[in-house]
Colleague: 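I have a structure here, written as structure tokens, and I will follow up with some questions on it.
For clarity, every value in this text was computed on a predicted model and none was experimentally measured. So that the names make sense, note that chain A is the first sequence line, chain B the second, and so on, each numbered from 1.
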2 protein chains.
Amino acid sequence: MAQKDIRNGHGPAKSRLLNKATHLFRVRGYERTTVRDLAREVGIHSGSIFHHFSSKEAILHAVMEDSLRSLLDRQEAAVDPEATARERLHQLIRVELGSHLGESGEAMSVLVGEWPSLSAESQKELLILRDRYERPWEQALAECVANGDLRGDPVVARKLIAGALFHATTWYRPDGAMSLEDITRQVVTMVVPGSPAG
Amino acid sequence: MAQKDIRNGHGPAKSRLLNKATHLFRVRGYERTTVRDLAREVGIHSGSIFHHFSSKEAILHAVMEDSLRSLLDRQEAAVDPEATARERLHQLIRVELGSHLGESGEAMSVLVGEWPSLSAESQKELLILRDRYERPWEQALAECVANGDLRGDPVVARKLIAGALFHATTWYRPDGAMSLEDITRQVVTMVVPGSPAG
DNA sequence: CATCCTACCGAGCAAGCGCTTGGTATCACA
DNA sequence: TGTGATACCAAGCGCTTGCTCGGTAGGATG
């Protein structure tokens, strides 16, 4: 451990607060999670939370912003701009599904599921990041329609895919019969029929 | 209006309570909706609610049970057991999407979105109805896999479809470019490629 | 050595919550 | 005309909520 920041527990208090909040918001919901629950989990008094965050909603905002930024990072790392539209679609689906079902799954669930709990101002701010994330999707799907890989409207297709992938958090089990890549392949097969691309 | 039941407002108080509760649970969420909000909306005092329902959660239970039962009714009315698996799939998708996006949409959203707010006992009770609703889906999808209309796992396919359709509540606009039947057709096309069935 | 800052404690406030209780007006029915 | 049931009001209880506030221990900095 370093020289400062540890009066109690392991690691910087603020990030431990964020981690526990993510977990509690996920399993109990934002509204049903009290600041006392959160403080107990972290090992501090409830009032001390407000030394780090100005309000309970500021915690939700921080959780969501972290979630969105790391999602963007993963997308940028995984999508090859030189690849074909079909390949990029496969990459986009893999990243999004992996984000929902992997380590960042709880944060992603909070991001999507607790969106209405955010104030209008916070929503507006985070929508800028969200739009940035959606652009590669728009491009890949539009190209797939243009070259005949995908039938129908690309915007509707994106919405349908987003719903299907997000919903996987409610039923996916890491120790189940289907692996993450199995599901990814099935989604790709359903969206753009034909032999699956790499 | 009949002879009894109207002391105030229009129609039986219990059903008005249920209607307003559905709306409030949808737009504000169950937890953020207070019995005082609900009472004000209906035009009675907050305490009077507990003459009709034993608890706030009992209201949620009633909303969800009504929602599930009418969903089952619509399914039964719309699905032809004599039709091919592909046709039945089309019918099932139409019913589910129509339920999400039509008049019963708010109740459906509450049913899916507020499920974690229900007590374990209530969940157990309603799961019996839900299982009944899922059976025709299982059969149609299993048949589609058997006859080659659908590739992949039928259980995963059902989960993906359910997510895609439910998510439509967040983006569908009745006055938008895509009609309900347009979206239904696109989903069918994506799930079972080939010429769309009636 | 004094000063400042950070991170927290301990106590508690005001507001809001679900729900209870006791009472009353109105009806159906005997 | 009396009785019981139904549908509601008026008041408020006990508890929990998000958040505030004065104080303090301890490291860093002049």
Colleague: Is Asp37(B) salt-bridged to Arg40(B), going by a charged N under 4.0 Å from an acidic O?
Modeller: yes
Colleague: Identify, between Arg36(A) and Ser48(A), the residue whose nearest nucleotide on DNA chain C lies closer to the 5' end.
Modeller: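 Its nucleotide being nearer the 5' end, the pick is Ser48(A).
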Colleague: Quick one: which of dT20(C), dA10(D), dC19(D) gets closest to the side chain of His45(B)?
Modeller: dA10(D)
Colleague: Regarding Glu41(B) and Arg16(B), does a basic nitrogen lie under 4.0 Å from an acidic carboxylate oxygen?
Modeller: no
Colleague: From the list dG10(C), dA7(C), dA7(D), which nucleotide is the closest neighbour of the side chain of His51(A)?
Modeller: dA7(C)
Colleague: May I ask you to say whether Glu103(A) pairs ionically with Arg74(A), meaning some side-chain N is under 4.0 Å from a carboxylate O?
Modeller: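 No, no charged N to carboxylate O under 4.0 Å.
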Colleague: Any base atoms under 4.0 Å from Ser55(B), or only sugar-phosphate, or nothing? Heavy atoms, all strands.
Modeller: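 Contact class for Ser55(B): sugar-phosphate only.
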Colleague: May I have the distance from Glu31(A) (atom CD) to dT17(D) (atom P), rounded to whole angstrom?
Modeller: 11 Å
Colleague: Rounded to the nearest Å, what distance is computed from the CD1 atom of residue Ile59(B) to the P atom of nucleotide dC19(C)?
Modeller: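 The answer, rounded to whole Å, is 8 Å.
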Colleague: Tell me, please, whether Tyr172(B) has Lys159(A) positioned over its six-membered ring: NZ or CZ under 6.0 Å from the ring centre and within 45 degrees of its axis?
Modeller: no
Colleague: What's the CZ-P distance between Arg32(A) and dG18(C), to the nearest Å?
Modeller: 12 Å
Colleague: Of the candidate nucleotides dC19(C), dC9(D), dC8(C), which contains the atom at the shortest distance from the side chain of Ile44(B)?
Modeller: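 My answer, after comparing the listed nucleotides, is dC9(D).
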Colleague: Round to the nearest Å and state the distance from Ile49(B) atom CD1 to dC17(C) atom P.
Modeller: 12 Å
Colleague: Rounded to the nearest angstrom, tell me the gap between atom CZ in Arg40(A) and atom P in dC9(C).
Modeller: 14 Å
Colleague: Take atom OH of Tyr30(A) and atom P of dG18(D), then tell me their distance rounded to the nearest Å.
Modeller: 8 Å
Colleague: Between dT17(D) atom P and Leu24(A) atom CG, what is the distance in whole Å?
Modeller: 13 Å
Colleague: Whole angstrom is fine here: how far is it from CZ in Phe50(B) over to P in dA11(D)?
Modeller: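 That distance rounds to 19 Å.
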